[in-house]
Amino acid sequence: MESNLQIKNLFDVAGRWVAITGAASGIGRMLAKGCAVNGAHAILIDISERALAEAKAELERISSSQPHGVATKVHGDLSTEDGVNSVVEKIKASCESLDALFHCAGVRYMNKITYQAGESLSQLETATKSAPYREWEQTFRVNVLAPYFLTAGLISLLGKAAAQGEGRGCVVLFSSPASVHNHQFVPTYQTSKAAVDHLVRIMAAEFEGFYIRVNAMSPGIVPSGMTPDDGKSNLRLADETPAKRPGNEEDMVGCALWLISKAGAFMDGKVIRNEGGRLLILKGVTSNSDS
């Protein structure tokens, strides 16, 4: 058998250093778990110290039998320039090169008031203004500026890893189906994710000389802090997708391991829509259903 085509060699991430923002919950925690199970060293980055401690303890239990699967926690606030710089310095103090960087941290604000078709012009004005300036600013700070400046600060570590080949030294941002549909009016989130889509392309092009690969995952409906199982979030809409279910940790980890391993080493500048076919059923109209 050709050993280079074996799954254990194509998707191997054992011993690699992987930094994950938003690692204490949601998709970030799923990816941290997947990295630990497969022997990678996960650098967990989050704003919640308590959740970080819980995530680190879970990963250490999972990786107790793995020779390389340990975790480092980095507490930091990615919504400020100083916070991003602090995280950069902590990561630089933890490792000499960085094999993968996942930008899972994100925020999503809903408009306080929703315009209903047929309502008055003044009601449209009120609804449109109900996305406060401070929420626009915070959304772009976390969803767009943090991935850009954190990546910029870690280019030297990513470049050292990329020089080793086999998929190392890559960046994975997080987009959303909301970046390409107008099924709902949630402008702060939708425009920030559209910005992420283009940020992937322009950073991948800028970094091409060192083949520091930049891609994005665009998950659909996945349980997280943004989509709690409360009967109100868009988690209730998962059964409407072709997959007939929300995404799970296998879906997220499988895609992530592909992108950061030798198996995904030929992927660059792409947004991967791993969303169970959600975009197939969304119409380009405004409605009250969640994105």
Side-chain angles (χ1 to χ4, degrees), residues 4-7 9-23 27-28 30-32 34-35 38 40-43 45 88 91 95-106 143-180 192-220 247 251-275 279:
N4 64 309
L5 300 181
Q6 292 179 332
I7 289 176
N9 293 323
L10 284 173
F11 292 88
D12 182 27
V13 295
R16 298 194 183 192
W17 285 76
V18 181
I20 306 167
T21 71
I27 295 174
M30 293 178 189
L31 300 192
C35 287
N38 288 284
H41 186 125
I43 301 175
I45 307 159
V88 166
I91 293 175
C95 58
E96 296 182 355
S97 66
L98 187 61
D99 297 294
L101 172 60
F102 286 103
H103 294 289
C104 299
N143 294 2
V144 182
L145 297 182
Y148 179 84
F149 285 102
L150 187 57
T151 301
L154 295 171
I155 282 179
S156 61
L157 298 187
L158 291 163
K160 288 179 183 178
Q164 301 175 50
E166 298 192 341
R168 295 181 178 87
C170 63
V171 182
V172 181
L173 283 75
F174 270 76
S175 179
S176 165
S179 72
V180 291
S192 74
K193 292 305 182 179
V196 165
D197 286 2
H198 199 43
L199 189 58
V200 165
R201 292 185 285 269
I202 61 176
M203 286 202 299
E206 184 73 359
F207 303 162
E208 59 86 19
F210 297 91
Y211 206 46
I212 298 171
R213 298 182 300 112
V214 184
N215 294 292
M217 290 170 57
S218 176
D251 299 320
M252 299 300 106
V253 171
C255 184
L257 292 179
W258 164 52
L259 286 175
I260 70 171
S261 66
K262 186 177 181 179
F266 214 49
M267 295 296 299
D268 195 18
K270 299 296 185 290
V271 178
I272 310 301
R273 305 286 178 188
N274 55 327
E275 33 74 290
L279 283 173

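Keep in mind that the numbers below use all heavy atoms, side chains included, and drop hydrogens, waters and symmetry copies.
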Side chain to side chain donor-acceptor pair (under 3.5 Å) with [X]: which residues, sequence neighbours excluded?
X: Thr21; value: none
X: Asn274; value: none
X: Asp12; value: none
X: Ser179; value: Ser175, Asp197, Arg273

In chain order, what residues pass the side chain to side chain contact (heavy atoms under 4.5 Å, CB included) check against [X], with sequence neighbours excluded?
X: Ala32; value: Ile20, Leu44, Leu59
X: Ala256; value: Leu31, Phe102, Met217
X: Leu199; value: Val144, Tyr148, Leu173, Ile202, Met203

Handout entry: Exceeds 12 heavy-atom contacts within 6.0 angstrom, atom CD of Glu206
Key = no
Exercise for the section: Verify the neighbour count for atom CD1 of Ile7: are there more than 12 heavy atoms of other residues, nucleotides or ligands below 6.0 Å? Expected result: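 Not buried by this count: 12 neighbours or fewer within 6.0 Å.
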Search all heavy atoms of [X] against all heavy atoms of [Y] and return the closest pair with its distance.
X: Ile91; Y: Ala19; answer: CD1-CB, 4.3 Å
X: Leu101; Y: Leu158; answer: CB-CD2, 4.4 Å
X: Leu98; Y: Ala161; answer: O-CB, 3.1 Å
X: Trp17; Y: Ile43; answer: CE3-CD1, 3.8 Å

Exercise for the section: Verify, without hydrogens or angle tests, whether Lys193 (side chain) and Phe174 (backbone) share a donor-acceptor contact under 3.5 angstrom. Expected result: yes
Exercise for the section: Determine yes or no for a side-chain-to-main-chain donor-acceptor pair under 3.5 angstrom, with Ser261 supplying the side chain and Leu10 the backbone. Expected result: yes
Handout entry: Min side-chain heavy-atom separation Val18-Ile260 under 4.5 Å
Key = yes
Practice task
Would you indicate whether the side-chain heavy atoms of Cys95 and Leu157 approach each other to under 4.5 Å?
Solution key: yes
Exercise for the section: Please name all residues satisfying salt bridge (charged side-chain N to carboxylate O under 4.0 Å, His left out) with Arg168, sequence neighbours left out, ordered by chain then number. Expected result: Asp99, Glu166
Exercise for the section: Could you point out which residue of Pro219, Ser176, Pro177 forms a side-chain contact (heavy atoms from CB on, under 4.5 Å) with Glu275? Expected result: Pro177
Rounded to the nearest 0.5 Å, how far does [atom2] of [Y] lie from [atom1] of [X]?
X: Thr151; Y: Ile212; atom1: OG1; atom2: CD1; value: 9.5 Å
X: Leu145; Y: Leu150; atom1: CG; atom2: CG; value: 12.0 Å
X: Phe207; Y: Arg213; atom1: CZ; atom2: CZ; value: 13.5 Å

Exercise for the section: Would you check, one step at a time, whether the test side chain to side chain contact (heavy atoms under 4.5 Å, CB included) holds for Trp258 with Ile272? Expected result: CA-CA 11 Å; Trp258 164 52; Ile272 310 301; 4.0 Å; yes
Using atom types as modelled, flag every donor-acceptor pair under 3.5 Å from a side chain in residues 262-271 to any protein atom, sequence neighbours excluded.
{"unit_1": "Asp268", "atom_1": "OD1", "unit_2": "Val214", "atom_2": "N", "d": "2.9"}
{"unit_1": "Lys270", "atom_1": "NZ", "unit_2": "Asp268", "atom_2": "O", "d": "3.2"}

